[in-house]
Protein chains: 2
Amino acid sequence: MAENDCRTNLIAAAIPMFAAKGLNGVSVRDIAREAGVNLSMISYYFGGKEGLYAAVLTDQFASLLKIEDIDRMEVDTLQKFEMYVRAIVTRYREYPYLLRFYTSELTNPTPCFETIVKPAIKRVIEILITAFSKGFSHQEFRDNLHPVDSVLSLAGMINFYFLIEPVTEGLIDHSQNRDEELIRHIMDIFTRGVLKS
Amino acid sequence: MAENDCRTNLIAAAIPMFAAKGLNGVSVRDIAREAGVNLSMISYYFGGKEGLYAAVLTDQFASLLKIEDIDRMEVDTLQKFEMYVRAIVTRYREYPYLLRFYTSELTNPTPCFETIVKPAIKRVIEILITAFSKGFSHQEFRDNLHPVDSVLSLAGMINFYFLIEPVTEGLIDHSQNRDEELIRHIMDIFTRGVLKS
DNA sequence: ATAGTCCGGTCATTCGTTTGATTGATGTTG
DNA sequence: CAACATCAATCAAACGAATGACCGGACTAT
């Protein structure tokens, strides 16, 4: 049997459960049963329920840092923004539960917020601000734009689209088929919104 | 003694507690203690913990329906969008915990989501879509825009700004002083983003 | 009096954690 | 080679604490 099987099974089982109901909405017994593993393995491998939750969050948010790559690329500002939007969409498709942890921690923060979630999100926002400021100093954007507001507008458009899905599932097709159209749409509005004339 | 004092105190105490930690993150004993009220009053007035939570959500989301007014006003489409953004900002200032319930239910839905939260949010989105479609048929907006995507972009910009506050509090001033600048900024990007050339 | 309101106390569950025993694989020693 | 020791991994069982719900009685104002 593969080593660390218990550990792996526990994390795999915990991800969708914590994502759906939050840290306090799931019991360790439910997780252990779902993982097909003995209850005490949670304390054994993770030091307790919160440790398992922290391991899940670490796993999920590690993927977000692929966005670091954008910071190092030699492309123009608007291309960087499109790469960001594309990266977010890709992340949420690869990690269907990431956004749940993202917003759950923003709304009902646990001790993991300060240590895991906030640094990861902050890093992404800072990368966007840096990109915007560079374009701004090159006079690409309108003078009266505020870098943080502008960047948060873009981030809001793409993140909110996924967040609001439980409400809009009857109004619009949220499948992967439409991702390209969505990206084009958001970049279209944002580009015309910030570019000069 | 004021009538319904217990009931009122319980709701008032429960709002910030449920908002901060979610339905499962708070115990009825904590709420009762904070309200200065006997524990059994929760069952007496609300039939249990979930009943109290439902009462809190009903109270919070009732305020959102003031946005219905926008639907009936005889102003042009872009003005309606600005009224929406203004209404959202005003709601979040008057009800500092509304957004927490909003996103908490979107992320970790309770039985209240289908009955209280989803209908309220859906109604607001439909009002925006109606407004957009009207402007669209009047050829105000660019042809290749999708009504739902466009409307969600606007809603995303303003809602995400407040949602992300715990991360950006060091980067930008989130006080009420800057609300007008924020509204102008978002409307600026959105207007240029959707209007014809 | 009596209906509405409030309270202390208690119920059965469920919670997260811990214990002590057992397993099986590996290494060590005579 | 055989007997023993060591170790991490796993298990069933149990722990005490906390949970949400509820009961019967007491208070209060009409």
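First the proteins, then the strands, lettered A, B, ... as listed; each starts at 1.
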Worksheet item: Pairs in or reaching into residues 144-158 of chain B: which pass salt bridge (Lys or Arg N to Asp or Glu O under 4.0 Å), with residues at least two apart or in two chains?
Response: A:Arg178-B:Asp149
Worksheet item: Starting at NZ of B:Lys21 and ending at P of D:dT19, how long is that distance when rounded to a whole Å?
Response: 11 Å
Fill in: Value in whole Å for how far the P atom of D:dC11 lies from CZ of A:Arg33
15 Å
Worksheet item: So does B:Glu126 pair up with B:Lys122, basic N to acidic O under 4.0 Å?
Response: no
Discussion item. Strictly below 4.0 Å, N to O, side chains only: are B:Arg72 and B:Asp69 in salt-bridge contact?
Written reply: yes
Item to complete: Using a 4.0 Å heavy-atom cut-off across all strands, classify A:Tyr45 as base, sugar-phosphate, or nothing.
Response: sugar-phosphate
Item to complete: Check for a donor-acceptor pair, side chain of B:Arg91 on one end and backbone N or O of B:Ser63 on the other, with a separation under 3.5 Å.
Response: yes
Item to complete: Scan side-chain atoms only and decide if A:Ser27 and A:Asp30 contain a donor-acceptor pair under the 3.5 Å cut-off.
Response: yes
Worksheet entry | Minimum-distance nucleotide (side-chain atoms of B:Cys6 versus D:dA9, C:dG16, C:dC6) | C:dC6
Worksheet item: Just how far, in rounded Å, is C1' of C:dT13 from NZ of B:Lys49?
Response: 14 Å
Fill in: Base-contact (B) and sugar-phosphate-only (S) positions in nucleotides 13-18 of chain D, heavy-atom cut-off under 4.0 Å, - elsewhere
-B----
Item to complete: Grab the CE-P distance between B:Met41 and D:dA21 for me, whole Å please.
Response: 14 Å
Worksheet entry | B:Lys49 atom NZ: more than 12 heavy-atom contacts under 6.0 Å | yes
Discussion item. Between A:Glu140 and A:Lys196, does any side-chain N to carboxylate O distance fall below 4.0 Å?
Written reply: no
Worksheet entry | Atom pair distance, as rounded to whole Å: CE in A:Met17 and C1' in C:dG16 | 15 Å
Discussion item. If you only use heavy atoms from C-beta on, which nucleotide in C:dT18, D:dA9, C:dT5 is closest to the side chain of A:Tyr44?
Written reply: D:dA9
Practice prompt. Would you kindly give the CD1-to-P distance between B:Ile42 and D:dG20, to the nearest whole Å?
Written response: 8 Å
Fill in: Nearest-angstrom distance from the residue atom CD1 of A:Ile31 to P of C:dG16
8 Å
Worksheet entry | Whole-Å gap separating P (D:dA9) and CG (A:Asn9) | 15 Å
